[in-house]
4 protein chains.
Amino acid sequence: MSPDPARRSERSRQAILTATRELLFEVGYPKLTIEAIAARAGVGKQTIYRWWPSKGAVMFDSLLPAPAGAPELALPDTGDVEADLKTVLRAIAEEFETPYLDQMTRALATEVHNDPTLGEEMVKRLLMPHLEATKERLRSAQAAGQLAAGLDLQAAVEMLFAPLFYRWMLRIGPLTPEYADTVATMAVAAMRPH
Amino acid sequence: MSPDPARRSERSRQAILTATRELLFEVGYPKLTIEAIAARAGVGKQTIYRWWPSKGAVMFDSLLPAPAGAPELALPDTGDVEADLKTVLRAIAEEFETPYLDQMTRALATEVHNDPTLGEEMVKRLLMPHLEATKERLRSAQAAGQLAAGLDLQAAVEMLFAPLFYRWMLRIGPLTPEYADTVATMAVAAMRPH
Amino acid sequence: MSPDPARRSERSRQAILTATRELLFEVGYPKLTIEAIAARAGVGKQTIYRWWPSKGAVMFDSLLPAPAGAPELALPDTGDVEADLKTVLRAIAEEFETPYLDQMTRALATEVHNDPTLGEEMVKRLLMPHLEATKERLRSAQAAGQLAAGLDLQAAVEMLFAPLFYRWMLRIGPLTPEYADTVATMAVAAMRPH
Amino acid sequence: MSPDPARRSERSRQAILTATRELLFEVGYPKLTIEAIAARAGVGKQTIYRWWPSKGAVMFDSLLPAPAGAPELALPDTGDVEADLKTVLRAIAEEFETPYLDQMTRALATEVHNDPTLGEEMVKRLLMPHLEATKERLRSAQAAGQLAAGLDLQAAVEMLFAPLFYRWMLRIGPLTPEYADTVATMAVAAMRPH
DNA sequence: AATTAACCGAGACGGTACGTCCTGTCTTGTA
DNA sequence: TACAAGACAGGACGTACCGTCTCGGTTAATT
């Protein structure tokens, strides 16, 4: 019934993912079509439909690191939480400002809205590692007494990342390093003891 | 060249917007088609293409209050900022949890990604009034000495709304009243003097 | 109910007929549209619909002489019927070979197929005068004893014109002067006494 | 680039031709639409556009015998040319008077005007066989000394068929058996020796 | 080594929607 | 009230993709 992954052509798989990435960049997600991917990849359409359930799924696989390949992220730990978080937030802000990454991330986000399954997938593969790594750094700061003991860590990391995401998605304003610093400063203020 | 707005049929305009709203709810944004809108509204397709540049623009007009009609919002002011903000955030959380509003807001968000023009429009029509009203309340609290004098008000309001939006969009967790309270508490902590 | 011809704008009428003729030549009958005629003539579409029942009718009026204006045709009469008919048939053959007239006549013919009313109109306005004039010449030849007395004149004139029309319409072969002569010779042979 | 005829669906081809024939009869050629054909045939529009260049071409294939299938026609040969030709012309006159055939032939003729390619096709497939068969009969009569030896056979056959076609197309008069006889008699008179 | 069963490239198929064009009617403002 | 202008409901156009379906032609792995 369902196809045999053992006989899958790695060659075709790579060609499809590469073609998808190229086309995503060239024409954007809304104008991305299965036919174009197949043509560019030199592949039959059926080969795409055989292995992926939707256009969004192909795009996800083409942009996201393989589930297994998710590296163990770790934040810098200089002993100064606020400084370390600033470093991280500045890096994220810079990424969002990169046109290529901006475009790709918006493509992902578009699909996340309309397909909860893919949303879950993305959160798991892409977001959770970052959130968990950040939580780990906050725990270390807690242990050092820099942050409140009873802190809701989940809410705390969301408070760190959410403002950048919010600005980026709604294009409310530019994601400058200064803004990243402001967010870090305010968030840390909210987490301090007392 | 471009059509004369003075001769526009108000009857057709309303029929189109109503049909769009109904279909959005019934089939969802990705399956919304111009043909279906025209058919439901009893309108020629050309009449839609004449007045709107894209499917997204029709949807926007059907969901968003008219620019002129944007009401002057004002937040409650009991004297206790934190309590007032909790009230507001709880209300927003509740809205996002309503299936109908959830669906509509996702439709808007999808389009915002792919059309900066519409994004700007939405921010201006829908978001800014809320942000401005909230800023006003924060100013009043500053005057009362409850918040730091040098506070970056724009960053502050974003820190209030962003976490709810973040959770909602990425479906990271439920938007409970408790979560709304947590966000408000933390954000206010970040804004306090010292 | 129906419009008052007394108030009809002669200016518009002429502009419409001229525009129609120009467009017929430029784009051909199948691509001729009422909108284009109106635009070219600087006229409202309604003005066309008010005075003509169909696209074909406009074309007819634009190409055919006014009913009243049908000139009294008369064939040459040198005393030699065959020679006179050759003169006439050669002239007709030449007309059909003129690209402009070829195109216009085909436009008329197309419409004649699909609208018997227009067909009748065309026959009456364009064809009958020629047929009658030719009949008249044949009668004169009969009187001179050159043609059979009991000749079916209607059948005879049709036998003269039909072959040219046939070749032209079906593009079976070129309408050369030689062919015109052959037709005249054979037809006259068929009409001679005995 | 162009489609592979080997993979063409015979099922669809037949369905399209049948649907076209039915619709031609039901609504007439000017109101025949590709959409209606596709719908009636249970076929995608693209399948029609893939294999035929125009609406006229579909109609032609639906009405005309396949090129290969053109039967070898032969006229009766009783030894009396005039009688044999009367038989043939009466048959043709009768065909043109049949409402169904009249309608179909007019549809063909309409398209012939506007597309020389189709005209050629029709002449080759439909007309030439008849003309050639008739020429053959005339040759046999020539051999028997009934017709002039130096006769221009092409002009002769055209003189036989053209008058019927002329009357039919321009609706000048009814195609009665008597008229068929008159045409045959006159034409034969034109072909006789001397 | 021959067989066989799957994946593969290719692309025809029945469909749906697109965005454009035109039809014939209706409405508005001008002369 | 005829007119120029053009918005309107409707509907066909020809195109682009969708997702499914054959069709040979390679590959494997099994006989």
Side-chain angles (χ1 to χ4, degrees), chain A residues 2-9 11-13 15 31-39 41-51 53-55, chain B residues 1-9 11-13 15 31-39 41-51 53-55, chain C residues 3-9 11-12 15 31-39 41-51 53-55, chain D residues 1-9 11-13 15 31-39 41-51 53-55:
Chain A
S2 57
D4 175 2
R7 303 203 43 185
R8 182 169 189 180
S9 159
R11 192 182 191 292
S12 296
R13 202 185 133 265
K31 289 193 178 175
L32 181 68
T33 67
I34 298 279
E35 297 224 318
I37 296 173
V43 138
K45 284 199 289 175
Q46 198 60 254
T47 303
I48 300 179
Y49 285 112
R50 200 174 357 247
W51 302 110
S54 69
K55 190 177 76 168
Chain B
M1 191 102 257
S2 57
D4 176 0
R7 302 194 45 188
R8 183 167 188 179
S9 160
R11 191 182 194 292
S12 296
R13 202 184 132 266
K31 290 194 178 174
L32 181 68
T33 68
I34 299 275
E35 297 224 317
I37 296 173
V43 140
K45 282 199 289 174
Q46 201 64 36
T47 301
I48 299 179
Y49 286 113
R50 194 165 11 239
W51 302 110
S54 68
K55 193 177 73 170
Chain C
D4 176 2
R7 304 202 44 188
R8 183 169 187 181
S9 158
R11 191 183 193 293
S12 295
K31 288 193 179 175
L32 181 69
T33 67
I34 299 277
E35 297 224 316
I37 296 173
V43 137
K45 283 198 291 175
Q46 197 59 253
T47 303
I48 299 178
Y49 285 111
R50 199 172 358 247
W51 300 110
S54 69
K55 191 178 74 170
Chain D
M1 193 102 255
S2 56
D4 177 0
R7 301 191 47 185
R8 183 167 187 180
S9 160
R11 192 183 194 293
S12 296
R13 201 183 134 267
K31 290 195 178 173
L32 181 68
T33 67
I34 298 276
E35 297 223 318
I37 296 173
V43 140
K45 282 199 286 175
Q46 202 63 36
T47 301
I48 300 179
Y49 287 111
R50 187 156 26 230
W51 301 110
S54 68
K55 193 177 73 169

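In what follows, chains carry the letters A, B, and so on, assigned in the order in which the sequence lines appear, proteins first and then strands, with residues in each chain numbered from 1.
- The side-chain heavy atoms of D:Arg7 and D:Asp4, taken from C-beta on, include a pair separated by under 4.5 Å.
- Taking five base pairs at each end of the helix from E:dA1-F:dT31 to E:dA31-F:dT1 and finding the rotation axis that steps the C1' atoms of four pairs onto the next four gives two axes whose angle is 10°, to the nearest 10°.
- Spacing between atom CD1 of D:Ile37 and atom P of E:dG14 amounts to 14 Å, rounded to whole angstrom units.
- Here the shortest heavy-atom pairing between D:Ala41 and D:Ala15 reads CB-O, 3.5 Å.
- A search for side-chain hydrogen bond (donor to acceptor under 3.5 Å, both in side chains) contacts involving B:Ser9 returns B:Ser12, not counting sequence neighbours.
- For the pair B:Trp51 and F:dC8, the criterion of a side-chain N or O lying under 4.0 Å from OP1 or OP2 is met.
- Rounding to whole angstrom units, CZ of residue D:Arg8 and P of E:dG14 are separated by 11 Å.
- Residues passing the side-chain contact (heavy atoms from CB on, under 4.5 Å) test with B:Ala36, sequence neighbours excluded: B:Leu23, B:Thr33.
- Taking for each of B:Ala39 and C:Ser9 the nucleotide of DNA chain F with the nearest heavy atom, the 5'-most of the two is the partner of C:Ser9.
- Distance, B:Ile48 CD1 to F:dC8 P: 11 Å, rounded to whole Å.
- OP1 and OP2 of F:dA2 both lie 4.0 Å or more from every side-chain N or O belonging to C:Ser12.
- Distance CZ (D:Arg50) to C1' (F:dA16): 12 Å, rounded to an integer number of Å.
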Problem - Summary of protein contacts for nucleotides 18-28 of chain E, nucleotide by nucleotide, where a base hit scores B, a sugar-phosphate-only hit scores S (4.0 Å, heavy atoms) - result: BBBBSBBBBB-
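- Residue C:Ala38 comes nearest to C:Gly44 through the heavy atom pair CB-C, 4.3 Å, listed as atom of the first residue, atom of the second, then distance.
- In the displayed structure, D:Arg50 atom CZ is contacted under 6.0 Å by more than 12 heavy atoms of other residues, nucleotides or ligands.
- If you measure from atom CZ of A:Arg11 to atom C1' of F:dT27, you get 14 Å, rounded to the nearest angstrom.
- The side chain of A:Val43 has E:dG9 as its nearest neighbour among E:dG9, F:dC3, F:dA9.
- Remark: side-chain polar atoms of B:Lys55 are not paired, donor with acceptor, to backbone N or O of B:Ile34 under 3.5 angstrom.
- Residues that satisfy the side-chain hydrogen bond (donor to acceptor under 3.5 Å, both in side chains) test with C:Gln46, not counting sequence neighbours, are absent from this structure.
- Put simply, CG on A:Asp4 is 17 Å from P on F:dT27, counting in whole angstrom units.
- Listed by chain and number, the residues in a side-chain contact (heavy atoms from CB on, under 4.5 Å) with B:Arg8 are B:Arg13, B:Trp51, B:Trp52 (sequence neighbours excluded).
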